[in-house]
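As a basis for the values below, the full set of heavy atoms in this structure was taken, side chains included, without hydrogen atoms, waters or symmetry mates. In the text below, chain A, chain B and the rest are named by the order of the sequence lines, each starting its count at 1. Values in this document were obtained by computation on a predicted structure and should not be read as measured data.
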Number of protein chains: 2
Amino acid sequence: MGITKTDLFTAEQNELAQLAKAFAHPARIAILQYLVKSKSCINGTLVQELGLAQATISQHLRELKDLGLIKGSIEGASISYCINSQKWDQVQGLFNGLFDQVNNSCSSDSCC
Amino acid sequence: MGITKTDLFTAEQNELAQLAKAFAHPARIAILQYLVKSKSCINGTLVQELGLAQATISQHLRELKDLGLIKGSIEGASISYCINSQKWDQVQGLFNGLFDQVNNSCSSDSCC
DNA sequence: TTTTATCATCGTAATATTGCAATGTAATTA
DNA sequence: TAATTACATTGCAATATTACGATGATAAAA
């Protein structure tokens with residue numbers, strides 16, 4: 001019914017799915033990549049960089065912030081966003097854990 | 001308006017986002033993990049394993065198959081699904097590419 | 001103080017996703 | 001052949017996501 005039955009799955013499966021949603025939209029990937037590129041922790045220059053409306057960017061930033069992937073700090077009238085490298089490490093670990101499960105039990109020709 | 005503006009982003013950003021959607025639901029993660037665990041390329045035992053209806057499982061399997069992450073081969077009346085390890089390597093590469101971008105330009109204390 | 005700049009939030013419209021019952025299809029079995 | 005088994009597809013209903021205009025809040029500038 002449009003609602004995910006989270007109670008059927010493990011906490012880790014739900015967490016991984018939740019974090020994957022952060023990457024499940026090209027705008028959020030673009031935002032993350034831009035934050036990485038311009039290390040200076042840039043703010044709403046993103047509105048110019050991507051072609052989306054300010055409200056839309058703000059919404060994507062909020063999702064990334066809610067998931068903990070980025071942090072925002074007030075800088076006068078504007079706001080500096082940047083990668084939360086601690087959380088990032090955790091995410092990387094979760095994904096690599098999934099990837100390793102496959103790598104370890106499924107070589108190129110052992111499957112099908 | 002509920003539709004992603006893919007034309008604003010690069011092909012790689014769109015592809016990564018598309019693939020991330022595969023992981024953006026706990027049921028699909030559970031399916032992938034189960035396929036990995038039971039190397040024997042199991043079929044609709046998944047309906048018992050997860051608590052979801054047959055139609056729902058079938059739908060998730062289709063999405064994973066459309067993205068190329070799994071393959072299905074007819075085995076009499078039932079169907080054997082299994083990981084497509086080739087595609088899996090590619091996905092792993094894409095995600096690691098994103099992770100590395102962060103790792104290389106953003107150490108634990110250089111940000112914010 | 002008034003204006004301007006920078007963001008966040010609200011409200012709304014459009015589209016996407018999730019889930020399942022019902023039904024359809026193909027192979028197996030009785 | 002008729003019944004059964006194993007899935008896929010279809011057709012909803014409910015919820016989630018994406019996008020943006022309008023509005024609000026806050027800080028700097030005039």
Participant: Quick one: is C:dC20 close enough that its OP1 or OP2 comes under 4.0 Å of any side-chain N or O from A:K5?
Facilitator: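 It does, given that an N or O in the side chain of A:K5 lies less than 4.0 Å from OP1 or OP2 of C:dC20.
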Participant: Please give, in whole Å, the distance from C:dT18 P to A:D7 CG?
Facilitator: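 One finds 16 Å between P of C:dT18 and CG of A:D7, rounded.
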Participant: Please determine whether a side-chain nitrogen or oxygen atom of A:H60 lies at a distance below 4.0 Å from atom OP1 or OP2 of D:dA19.
Facilitator: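 Yes.
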Participant: To the nearest 0.5 Å, what is the distance between CD on B:Q59 and CG on B:L52?
Facilitator: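 Taking CD in B:Q59 and CG in B:L52, the distance rounds to 10.5 Å.
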Participant: With respect to the phosphate group of C:dC20, does any side-chain polar atom (N or O) of B:T56 fall under 4.0 Å of OP1 or OP2?
Facilitator: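 It does, given that an N or O in the side chain of B:T56 lies less than 4.0 Å from OP1 or OP2 of C:dC20.
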Participant: From the set C:dT18, D:dA16, D:dC20, return the single nucleotide nearest to any side-chain atom of B:R28.
Facilitator: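 It is C:dT18.
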Participant: To the nearest angstrom, how far is A:Q48 atom CD from C:dT6 atom P?
Facilitator: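 After rounding, the reported distance stands at 9 Å.
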Participant: What integer distance in Å separates B:L46:CG from C:dG19:P?
Facilitator: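 Result: 14 Å.
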Participant: Whole angstrom is fine here: how far is it from CD1 in B:I74 over to C1' in D:dA8?
Facilitator: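 Going from B:I74 (CD1) to D:dA8 (C1'), I get 11 Å.
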Participant: Quickly work out the B:L67 CG to C:dT17 C1' distance and round it to whole Å.
Facilitator: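 Answer to the nearest Å: 14 Å.
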Participant: Tabulated below should be each protein N or O lying under 3.5 Å from an N or O of nucleotides 8-11 of chain C; please produce it.
Facilitator:
{"unit_1": "C:dA8", "atom_1": "OP1", "unit_2": "A:Y81", "atom_2": "OH", "d": "2.2"}
{"unit_1": "C:dA8", "atom_1": "OP2", "unit_2": "A:S58", "atom_2": "OG", "d": "2.7"}
{"unit_1": "C:dA8", "atom_1": "N7", "unit_2": "A:Q54", "atom_2": "NE2", "d": "3.0"}
{"unit_1": "C:dA8", "atom_1": "N6", "unit_2": "A:Q54", "atom_2": "OE1", "d": "3.2"}

Participant: Tell me: NE2 of B:H25 to P of D:dA16, nearest whole Å?
Facilitator: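 Distance, rounded to whole Å: 11 Å.
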Participant: How long is the line joining CD of A:E75 and C1' of D:dA28, in whole Å?
Facilitator: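 Interatomic distance, CD of A:E75 to C1' of D:dA28: 14 Å.
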Participant: Starting from the C-alpha separation in whole Å, work towards a yes-or-no answer on side-chain hydrogen bond (donor to acceptor under 3.5 Å, both in side chains) for B:Q92 and A:N96.
Facilitator: CA-CA 8 Å; B:Q92 197 169 344; A:N96 281 333; 5.4 Å; no
Participant: From D:dT17, D:dA6, C:dT18, pick the nucleotide closest to the side chain of B:S78?
Facilitator: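 Side chain of B:S78 sits closest to D:dA6.
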Participant: Check whether any side-chain heavy atom of A:F23 lies under 4.5 Å from a side-chain heavy atom of A:L64, and answer yes or no.
Facilitator: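 Counting from C-beta outward, A:F23 and A:L64 never come under 4.5 Å.
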Participant: With respect to A:I70, which candidate in A:K65, A:R62, A:R28 satisfies the side chain to side chain contact (heavy atoms under 4.5 Å, CB included) definition?
Facilitator: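 The passing option is A:K65.
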Participant: Using a 3.5 Å distance criterion without hydrogens, assess whether the side chain of B:S38 forms a donor-acceptor pair with backbone atoms of B:Y34.
Facilitator: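 Side chain of B:S38 to backbone of B:Y34, a donor-acceptor pair under 3.5 Å: yes, one is there.
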Participant: Take B:L52 and B:A77, find for each the nucleotide of DNA chain C with the closest heavy atom, and name the residue whose nucleotide sits nearer the 5' end.
Facilitator: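 Closer to the 5' end of DNA chain C: B:L52.
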Participant: Short question: side chain of B:Q101, backbone of B:L98 - any donor-acceptor pair under 3.5 Å?
Facilitator: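 No; judged by distance alone, with no hydrogens or angles, the pair does not exist.
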Participant: With a 4.5 Å cut-off on side-chain heavy atoms, are B:N84 and B:L69 touching?
Facilitator: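 No; the side chains remain at least 4.5 Å from each other.
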Participant: Can you tell me how far P of D:dT18 sits from CD1 of B:I3, to the nearest Å?
Facilitator: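 One finds 12 Å between P of D:dT18 and CD1 of B:I3, rounded.
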